[in-house]
Amino acid sequence: MKVIAVPALEDNYSYLIVDEKSNEAIAVDPVEPHKILKAAEDAKVKLISVFTTHHHWDHAGGNEELLSLKPELTVYGADDRIAKLTNFVKDNEEFKIGSLNVKCLMTVCHTSGSVSFFVSDGEEKAVFTGDTLFIGGCGRFFEGSPEDMYNSLLNVLAVLPKETKVYCGHEYTKSNLKVNTESSSYIFPWYSSSA
């Protein structure tokens with residue numbers, strides 16, 4: 001399995017998940033279809049499916065255009081608000097695409113239909129979290145509660161194998177890890193802004 005990051009919009013990530021045995025690929029949240037198609041062409045792979053992590057336009061907004069160009073694609077997701085959805089998935093549903101094993105994990109809170117896709121080829125493991133989990137943070141609570149996010153993070157994602165690589169939907173690392181120096185002494189008593 002190979003994962004190709006495809007930067008989109010200002011700070012989004014789309015991805016191509018490549019099954020190296022079949023030379024087929026899955027697009028994850030292809031908000032800018034021309035970028036996904038170019039990445040597939042450059043990698044010399046055949047695009048066969050789409051994983052949509054949630055219904056927000058900056059993740060699902062490219063589905064209609066992509067399907068107008070490639071109507072044979074299968075679109076997986078867990079929310080009927082996702083454009084061009086062909087395969088509605090349920091929590092813990094498992095299936096194969098080529099030689100890749102896929103497990104759908106409901107990670108509710110950012111939206112009520114947020115799903116993370118756990119993909120493995122037997123050796124490599126990856127999870128595509130959309131806007132549920134970022135580096136140094138989590139997504140906003142638009143359609144869920146703190147209890148929902150706690151469950152999604154601790155009881156669903158944190159129990160995945162330790163070697164699982166996490167692919168999130170945005171590049172928010174710097175802002176998530178930025179420490180507010182005015183309040184840092186309350187959060188981190190050992191931190192000194194004069195250091």
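Below, all heavy atoms of this structure are taken into account, side chains as well, without hydrogens, waters or symmetry copies. Throughout, numbering of the chain's residues begins at 1 and tracks the sequence. All values reported here derive from a predicted model rather than from experimental measurement.
Y167 and V45 fall into different hydrophobic clusters, defined by Ile, Leu, Val, Met, Phe, Trp and Tyr side-chain heavy atoms under 4.5 Å apart, directly or through other members. Taking hydrophobic clusters as Ile, Leu, Val, Met, Phe, Trp and Tyr residues chained together by side-chain heavy-atom distances below 4.5 Å, F128 does not share a cluster with V18. There is a path of hydrophobic side-chain contacts, each under 4.5 Å, that joins V166 to L154. Side-chain heavy atoms closer than 4.5 Å link hydrophobic residues (I, L, V, M, F, W, Y) into clusters, and following such links, possibly through other members, connects V156 to V127.
Side-chain contact, T107 with S116: a donor N or O sits under 3.5 Å from an acceptor N or O. A donor-acceptor contact closer than 3.5 angstrom links the side chains of S99 and D19. Between the side chains of H110 and D131, at least one donor N or O sits under 3.5 Å from an acceptor N or O. Defined by atom type and a distance below 3.5 Å, a donor-acceptor pair is missing between the side-chain atoms of N101 and S120. With 3.5 Å as the limit, one finds a donor-acceptor pair spanning the side chains of T111 and S114.
Nearest heavy atom pair, residue F51 against residue V119, reads CE1-CG2, 4.0 Å. Closest of all the heavy-atom pairs between I48 and E24 is CD1-OE1, 3.5 Å. The two atoms that bring G62 and P33 nearest to each other are O-CG, 3.3 Å, heavy atoms only. Closest of all the heavy-atom pairs between C104 and K90 is CB-O, 3.6 Å. Nearest heavy-atom pair, L37 versus L47, reported as atom, atom and distance to 0.1 Å: CD2-CD2, 4.0 Å. Taking every heavy atom of both residues into account, A5 and P7 meet most closely at O-CD, 3.7 Å.
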Handout entry: Intermediate values then yes/no, side chain to side chain contact (heavy atoms under 4.5 Å, CB included), V102 and K96
Key = CA-CA 6 Å; V102 180; K96 287 182 77 82; over 6 Å; no
Exercise for the section: Run the numbers on L16 and V3 for side chain to side chain contact (heavy atoms under 4.5 Å, CB included), then give the verdict. Expected result: CA-CA 6 Å; L16 278 181; V3 177; over 6 Å; no
Exercise for the section: Evaluate the side chain to side chain contact (heavy atoms under 4.5 Å, CB included) criterion for residues V50 and I26: first the C-alpha distance (whole Å), next the side-chain angles of each, then the deciding distance (0.1 Å), finally the verdict. Expected result: CA-CA 5 Å; V50 174; I26 305 157; 5.9 Å; no
Handout entry: Worked verdict on Y15 versus I36 for side chain to side chain contact (heavy atoms under 4.5 Å, CB included)
Key = CA-CA 8 Å; Y15 299 96; I36 283 290; over 6 Å; no
Handout entry: Trace of the side-chain hydrogen bond (donor to acceptor under 3.5 Å, both in side chains) decision for T53 with D29
Key = CA-CA 7 Å; T53 60; D29 291 341; 2.7 Å; yes
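Listed for the D91 side chain is no donor-acceptor partner under 3.5 Å among the backbone atoms of L105. D121 contributes a side-chain N or O that, together with a main-chain N or O of M1, makes up a donor-acceptor pair within less than 3.5 Å. Here the side chain of T164 pairs no donor or acceptor atom with the backbone of L160 at under 3.5 angstrom. Formation of a donor-acceptor pair under 3.5 Å by the D148 side chain with backbone atoms of S145 is found in this model.
Ionic pairing of E124 and K2 is not present here: no N-O contact between side-chain nitrogen and carboxylate oxygen is shorter than 4.0 angstrom. Using a cutoff of 4.0 Å between basic side-chain nitrogens and carboxylate oxygens, E163 and K125 are scored as salt-bridged. The pair R81-E143 meets the salt-bridge criterion, with a side-chain N (NZ, NE, NH1 or NH2) lying under 4.0 Å from an Asp/Glu carboxylate O.
Counting heavy atoms from C-beta outward, L66 and L73 have side chains that approach closer than 4.5 Å. At a threshold of 4.5 Å between non-hydrogen side-chain atoms, the residues T132 and M149 count as touching. In this structure, C138 and Y150 have side chains that are not in contact, with every pair of non-hydrogen atoms separated by 4.5 Å or more. A 4.5 Å side-chain heavy-atom check between P30 and N63 finds at least one atom pair inside the cut-off. When side chains are defined from C-beta on, T52 does not count as touching L85, because their heavy atoms never get closer than 4.5 Å. In this structure, S152 and L157 have side chains that are not in contact, with every pair of non-hydrogen atoms separated by 4.5 Å or more. Side-chain contact between L9 and E32 is present, with at least one heavy-atom pair separated by less than 4.5 Å. Two residues are said to be in side-chain contact when any heavy atoms from C-beta on lie closer than 4.5 Å; L133 and C168 fail this criterion.
N12 contributes atom CG, which lies 4.5 Å from atom CG of D58 (distance to the nearest 0.5 angstrom). The NE2 atom of H34 lies 13.0 Å from the CD atom of E41; values are rounded to the nearest 0.5 Å. Between atom CD1 of residue I97 and atom CZ of residue F117 there is a gap of 8.5 Å, rounded to the nearest 0.5 Å. Separating the CG atom in L100 from the OG atom in S22 is a distance of 7.0 Å, to the nearest 0.5 Å. Between atom CD1 of residue I82 and atom NE2 of residue H56 there is a gap of 10.5 Å, rounded to the nearest 0.5 Å. Taken to the nearest 0.5 Å, the OG atom of S112 stands 13.0 Å off from the CZ atom of F142.
Close placement of the F95 and Y76 rings is indicated, their centers lying within 6.0 Å of each other.
Residue E72 qualifies as enclosed at atom CD: its count of foreign heavy atoms under 6.0 Å is above 12.
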